[in-house]
Amino acid sequence: MSIAENIQSIRRRMDEAARAAGRENEKILLVGASKMNEAAACRQAIAAGIDALGENRVQEMLGKYAEGAYEGAPLHFIGHLQRNKVRQIVGKVALIHSVSSMELIDEIQRQAEKQGVTQAVLLEVNIGGEESKSGFAPEELEAAARHAAKLPNISMEGLMTIPPIQTVPHGNLPYFREVYRLYIDIGEKVFHNKLKHLSMGMSDDFEDAIAAGATMVRVGSAIFGARHYI
Ligand SMILES: *Cc1c(COP(=O)(O)O)cnc(C)c1O
């Protein structure tokens with residue numbers, strides 16, 4: 001199957017999941033997680049109508065960016081972000097999904113101000129409480145959202161989550177539902193219901209994420225094929 005065929009088939013499954021959840025009139029965005037795939041693969045996904053491409057590693061992203069891999073689609077950053085790399089991505093990416101600490105919020109503000117831009121961000125929620133994952137604990141989220149909302153060069157647009165690895169089918173559904181609840185709650189309390197994006201769901205569970213209220217899914221291997229780790 002080609003990248004274009006994979007994207008078509010994922011769109012169909014997304015539409016099906018949205019219809020089953022009574023969300024057929026909402027636009028749910030498909031973000032291609034293009035890590036470890038070359039510029040040519042990114043271009044094929046863009047030609048096939050992907051809504052955005054998401055990268056995980058700053059170095060890899062900058063290399064592919066220089067090759068023009070992302071021309072024609074918004075570029076997102078979805079991976080773990082180190083503070084000292086913020087400068088390299090602010091202003092280049094349309095959305096940072098993975099803002100996981102107060103220090104990162106402040107550094108994004110600092111760099112965005114320097115460049116005279118507004119940077120759109122999502123706050124990452126560590127919904128499984130996993131030591132190995134970054135992200136705010138649910139109880140830290142409101143304070144972080146209030147802080148981000150006050151900063152002039154940050155546009156705080158929603159939440160993102162990566163739940164624990166599933167061990168049973170639909171195992172992540174309760175996590176997705178919990179993050180949706182937080183998304184609605186924070187949206188009401190802090191943003192007058194104006195949050196736009198709830199980024200959750202990957203190749204193995206995007207349909208469950210849509211059932212739970214995702215507005216954006218991040219799909220890698222189901223589009224680009226299995227990744228070859230070097
Ligand atoms: C790689 C990646 C994805 C996509 O994972 P697949 O299982 O290949 O669909 C989604 N989100 C993040 C943050 C990723 O790093």
Side-chain angles (χ1 to χ4, degrees), residues 1-14 17 28-38 41-42 44-46 48 50-62 64 69-70 73-82 85-86 89 93-101 104 120-128 130 132-136 157-173 175-176 179 183 197-212 214-230:
M1 291 273 271
S2 71
I3 286 172
E5 286 167 327
N6 289 340
I7 289 175
Q8 252 183 19
S9 123
I10 288 162
R11 288 269 193 215
R12 269 197 300 273
R13 288 170 58 193
M14 288 172 66
I28 298 168
L29 298 173
L30 175 57
V31 180
S34 44
K35 57 174 175 272
M36 309 186 76
N37 285 280
E38 293 176 356
C42 297
Q44 283 175 43
I46 293 168
I50 199 107
D51 294 307
L53 288 173
E55 287 290 348
N56 277 68
R57 297 210 200 123
V58 173
Q59 234 41 50
E60 179 182 342
M61 187 189 92
L62 293 175
K64 283 149 74 175
Y70 312 115
L75 173 59
H76 293 180
F77 191 79
I78 63 176
H80 178 66
L81 184 56
Q82 289 166 292
K85 302 263 172 79
V86 166
I89 71 165
V93 300
L95 184 65
I96 303 175
H97 291 228
S98 42
V99 178
S100 55
S101 69
L104 269 180
V121 305
L122 309 181
L123 299 184
E124 180 171 351
V125 190
N126 185 357
I127 198 61
E130 293 172 284
S132 60
K133 289 214 172 93
S134 34
F136 293 96
E157 304 196 335
L159 303 181
M160 177 270 223
T161 199
I162 308 172
I165 292 181
Q166 293 195 101
T167 51
V168 294
H170 311 294
N172 284 334
L173 199 45
Y175 293 114
F176 291 145
V179 178
Y183 172 70
H197 301 303
L198 177 55
S199 166
M200 57 187 193
M202 317 204 292
S203 292
D204 290 336
D205 55 17
F206 67 87
E207 286 145 314
D208 285 337
I210 289 171
T215 68
M216 202 180 246
V217 297
R218 308 175 310 269
V219 178
S221 46
I223 293 176
F224 297 104
R227 289 180 286 274
H228 300 288
Y229 293 92
I230 308 156

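As the structure is a prediction and not an experimental result, all values here were calculated from the model. Each ligand, and each atom within it, is numbered from 1 in the order the structure gives.
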task = State whether the side chain of Lys64 and the backbone N or O of Ser34 hold a donor-acceptor pair below 3.5 Å, judged by distance alone.
result = yes
task = List, ordered by chain and residue number, the protein residues whose closest non-hydrogen atom lies under 4.0 Å from any atom of ligand 1.
result = Ala33, Lys35, Asn56, Ile78, Ile162, Met202, Ser203, Arg218, Val219, Gly220, Ser221, Arg227
Table please: side-chain donor-acceptor pairs of residues 158-165 below 3.5 Å, with sequence neighbours left out.
residue: Thr161; atom: OG1; partner: Val125; partner atom: O; Å: 2.8

ask   = Does Gly135 offer a backbone N or O that forms a donor-acceptor pair with the side chain of Asn126 under 3.5 Å?
value = no
Any Met200 side-chain heavy atom under 4.5 Å of Asn172 side chain = no
inquiry  = Using a 3.5 Å distance criterion without hydrogens, assess whether the side chain of Arg13 forms a donor-acceptor pair with backbone atoms of Glu207.
reply    = no
query = Just by distance, do the side chain of Glu157 and the backbone of His197 share a donor-acceptor pair under 3.5 Å?
reply = no
